[in-house]
Structure formats: structure tokens, C-alpha cells
Number of protein chains: 2
Amino acid sequence: MRLTRAGEYGIRCVQHLARHGKGTLVSRKEIAVRTDVPPHFLAKIAQQLARAGIIEIQQGANGGYRLLRDPSEITLLAVIEAIIGEISLNDCVGRPESCHNSPLCTVHRVWNKANQQLRATLQEADFATLAKEDPCCLTPFPETAGHNGPIGKK
Amino acid sequence: MRLTRAGEYGIRCVQHLARHGKGTLVSRKEIAVRTDVPPHFLAKIAQQLARAGIIEIQQGANGGYRLLRDPSEITLLAVIEAIIGEISLNDCVGRPESCHNSPLCTVHRVWNKANQQLRATLQEADFATLAKEDPCCLTPFPETAGHNGPIGKK
DNA sequence: CGATATAAGACTAAAAACATCTTATATATC
DNA sequence: GATATATAAGATGTTTTTAGTCTTATATCG
Ligand code: SF4
Ligand code: SF4
């Protein structure tokens with residue numbers, strides 16, 4: 001297992017959407033800027049989240065992404081695994097057949113246990129709870145706030 | 001965090017040495033053959049284990065490796081971290097300064113917790129316990145058994 | 001000394017991660 | 001309907017990491 005950048009970015013994306021609540025449309029640009037993720041990269045990640053049924057993508061002018069479920073129904077585990085696939089600390093955890101020794105291997109059992117524990121911990125964390133303690137103050141985003149002039153940048 | 005091949009091989013190496021017990025000299029070749037690890041790769045891994053004080057390397061003819069500690073004193077965690085460095089599930093766990101958001105981030109806290117839990121689980125597993133339930137029957141290795149002719153191969 | 005074994009690190013190949021770019025398509029607004 | 005804007009989809013490119021090999025040097029036994 002390895003939490004890649006894509007995985008981390010996916011979490012940030014859902015986290016930001018969760019701040020706006022279920023169903024609210026948020027532009028890719030806003031998410032990208034606010035969570036510090038390369039916009040084109042975010043597009044890819046969003047597609048994976050959409051395939052997993054976590055978000056919905058709206059195309060066209062004034063398009064963007066929206067959460068399909070309530071933040072309390074979305075876990076860290078679901079978001080991570082939507083992007084990097086099922087967590088597997090060692091090859092033999094996800095594919096026991098990759099090591100002929102796995103049926104007898106006592107180390108294998110430790111990995112299995114650790115893996116299960118890790119997934120459980122990540123499953124316990126839902127985005128409603130995460131947001132509750134989150135001190136993030138959601139200041140208006142330029143585009144959303146109704147004027148187009150750049151603020152600060154340039 | 002990511003258990004690399006080197007990490008997995010390191011565990012196999014220590015596991016094999018543990019079967020022979022603390023202090024017993026075992027040739028690199030035997031370990032490599034028995035645990036299915038490329039010999040030159042094993043050399044590298046052994047050096048890391050030696051630096052971490054887990055094994056001792058004996059050079060010269062009839063050289064090899066030996067465990068410095070009792071198997072019960074060696075944990076999975078120690079071996080893994082000797083090779084891949086301290087376990088860190090996400091960048092921000094090992095280096096909080098890598099994300100300016102880490103002091104406030106609620107996701108960060110979940111990672112910290114999960115990381116701590118994982119390390120604890122791997123620390124609980126020592127090689128004496130692992131070997132106890134290990135059904136491996138240690139048949140004599142050709143070189144060790146006192147004759148030099150190749151068996152089976154070629 | 002000579003045979004054998006590891007040390008140490010350079011080197012290479014392959015894979016994965018990370019990111020960008022291009023072309024196509026969908027939608028709102030005029 | 002035309003146009004501008006936003007995402008879709010996937011090809012492409014760059015960089016980093018992993019995995020493994022090779023070469024030269026050194027240590028030890030007999
Ligand atoms: S030796 Fe054990 S821990 Fe290692 S890959 Fe095989 S089954 Fe997994
Ligand atoms: S946003 Fe939170 S979880 Fe993600 S890298 Fe920063 S501190 Fe870690």
C-alpha cells in the first residue's frame with residue numbers, strides 16, 4: 001500500500017466538497033485552487049471518484065463537481081480505495097497466490113491483521129466528523145462571490 | 001509507506017536466520033537460495049540489517065551472516081524499518097512540515113493514529129513467536145551438509 | 001599464496017508516480 | 001444557433017523509485 005499524491009488529492013477534493021455540503025456544485029477550478037491540486041490532475045481524480053459513485057460531474061459552462069452522498073456517509077477508506085485501489089500493505093495480502101508460501105507463512109498472517117486494522121481505522125473516519133473539528137473558515141471564492149477580477153494573484 | 005521487495009526480502013532473511021538461532025553463521029548463498037532472494041540483492045539488504053545491529057556479517061571464505069540478538073528480541077517492525085526507514089503512511093505523518101495545513105488538519109490526525117497502530121502491530125510480532133507456529137522443516141542445505149556437488153540444479 | 005566469500009558502490013532496466021497536453025464533447029448564455 | 005466556457009478522455013512526457021546486476025576491492029580460511 002502506498003498513499004499516492006492522487007490519493008491525498010482525492011481526499012482534499014472530497015473534503016472541500018463536504019464543506020459545501022451534499023449536492024452543492026463546486027467548480028473544478030475552485031477546488032483545485034483551494035486545495036492546492038493541479039487542475040488537470042484533479043480532473044482525472046474526479047473521474048475516479050465519479051466512477052465510485054462518490055461525486056457527480058457536471059459538464060459544460062459553469063460545470064463542476066457535487067457530492068452524491070452526505071458527508072457522514074463517506075469514509076476516508078472509500079475515497080482512498082476509489083483512487084488507489086484496495087489497500088494492501090504487502091503483495092501477498094491482496095494476492096496470496098503471488099507467494100507460494102502464503103498458506104503457511106506466519107508473517108503473512110501479521111500482514112493480514114495489520115491490513116484489516118488499518119482499513120477499519122480509515123473506515124471509521126467519515127467526512128462529517130472530520131469537518132466538525134475542522135477549523136477551516138470557508139471564505140468566499142472570487143468566482144463564486146460574483147466578480148471576476150483576480151484578487152491578489154498578478 | 002510501502003513495503004518494498006527489499007523489505008520483504010529482509011524479513012525472509014531474518015526469518016531464515018532465526019530458524020538457525022542466534023549466533024549461528026549461515027552463508028549468504030544458503031539464505032538466498034532458501035528464501036528465494038537474488039544473492040547480490042541480499043548482500044545489500046544484509047548491510048542495512050548489519051548497520052541496524054540486527055545481524056553481523058562475516059567476511060572471507062566460509063563467511064556469512066549471523067543474528068546478533070535472540071529471535072524473541074527482534075520484531076517485524078525493527079527489520080522493516082531498518083530497510084525502508086520509519087513507516088509513514090502519508091508524507092505528512094513523517095514530515096508534518098511537508099504540508100502547511102498539518103497543524104490544523106483533521107485528516108492528518110487520522111493518519112497519525114493509523115500509523116501508530118500499524119507500527120504497534122508490527123512491533124508486537126517477534127521472530128521467536130513467528131517461528132513457533134512456522135511449520136517450516138529445515139532440511140539440510142547441500143553446502144552445509146558436507147558435500148559440494150550440486151544437487152538437482154544442472 | 002590462492003580459492004572463496006562478502007563489501008561497497010556504480011550502473012542499468014523497468015515500473016510507477018506525477019503531471020501536462022490535446023482533442024472532443026457538453027452546457028449556459030447571448 | 002453561435003460562442004464561450006467547462007469538463008471528458010486519454011495520449012504523452014518527465015521524474016523518481018524500485019529492482020536487480022556488475023565490477024572492483026577486501027577479508028578469511030586452509
Ligand atoms: S513470505 Fe510470507 S509475508 Fe512474505 S510474501 Fe510470502 S506469504 Fe507474504
Ligand atoms: S491536507 Fe492534511 S492529510 Fe493531507 S497532507 Fe496536509 S496535513 Fe496531511
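Per chain, numbering begins at 1; letters A, B, ... match sequence-line order.
- The CD1 atom of A:I45 sits 10 Å away from the P atom of C:dC18 (whole-angstrom rounding).
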Quick one: what's the B/S/- string for nucleotides 20-30 of chain C, heavy-atom cutoff under 4.0 Å, read 5' to 3'? BB---BBBS--

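- When each of A:T4 and B:Q47 is assigned the nucleotide of DNA chain C with its nearest heavy atom, B:Q47 is the one assigned upstream, toward the 5' end.
- Looking at A:T24 and A:L17, their side chains never come closer than 4.5 Å, going by heavy atoms from C-beta outward.
- Atom-to-atom, CD of A:Q48 to C1' of C:dC18 comes out at 13 Å; the value is rounded to the nearest Å.
- Taking hydrophobic clusters as Ile, Leu, Val, Met, Phe, Trp and Tyr residues chained together by side-chain heavy-atom distances below 4.5 Å, B:L68 does not share a cluster with B:L130.
- One atom, CG of A:D91, and another, C1' of D:dT18, lie 13 Å apart when rounded to the nearest Å.
- In this structure, A:L42 places its CG atom 17 Å from C1' of D:dG10, rounding to the nearest Å.
- Remark: P of C:dA5 and CZ of B:R66 are 16 Å apart, rounded to the nearest angstrom.
- For B:L25 and D:dT28, the CG to C1' distance is 12 Å, given to the nearest whole Å.
- Checking C:dT6, D:dA19, D:dA8 against the side-chain heavy atoms of B:Y65 singles out C:dT6 as nearest.
- Considering only heavy atoms from C-beta on, B:H20 comes within 4.5 Å of B:E30 through its side chain.
- OP1 and OP2 of D:dT16 both lie 4.0 Å or more from every side-chain N or O belonging to A:R2.
- In this view, B:R66 and B:E56 satisfy the salt bridge (Lys or Arg N to Asp or Glu O under 4.0 Å) rule, not counting sequence neighbours.
- Rounded to an integer number of Å, the gap from CD of B:E30 to P of C:dT4 is 19 Å.
- For D:dG20, one of the phosphate oxygens OP1 or OP2 lies less than 4.0 angstrom from a side-chain nitrogen or oxygen of B:Y9.
- Rounded to whole angstrom, the span from the CZ atom of A:R28 across to the P atom of C:dA19 amounts to 15 Å.
- In the model, A:Q117 has a side-chain atom that pairs as donor or acceptor with a side-chain atom of B:T121 under 3.5 Å.
- Looking at B:R109, B:Q116, B:H108 one by one, the single match for side chain to side chain donor-acceptor pair (under 3.5 Å) with B:N112 turns out to be B:H108.
- For residues 69-95 of chain B, the side chain to side chain donor-acceptor pair (under 3.5 Å) pairs, not counting sequence neighbours, are A:E8-B:N90, B:D70-B:S72, B:E81-B:R119.
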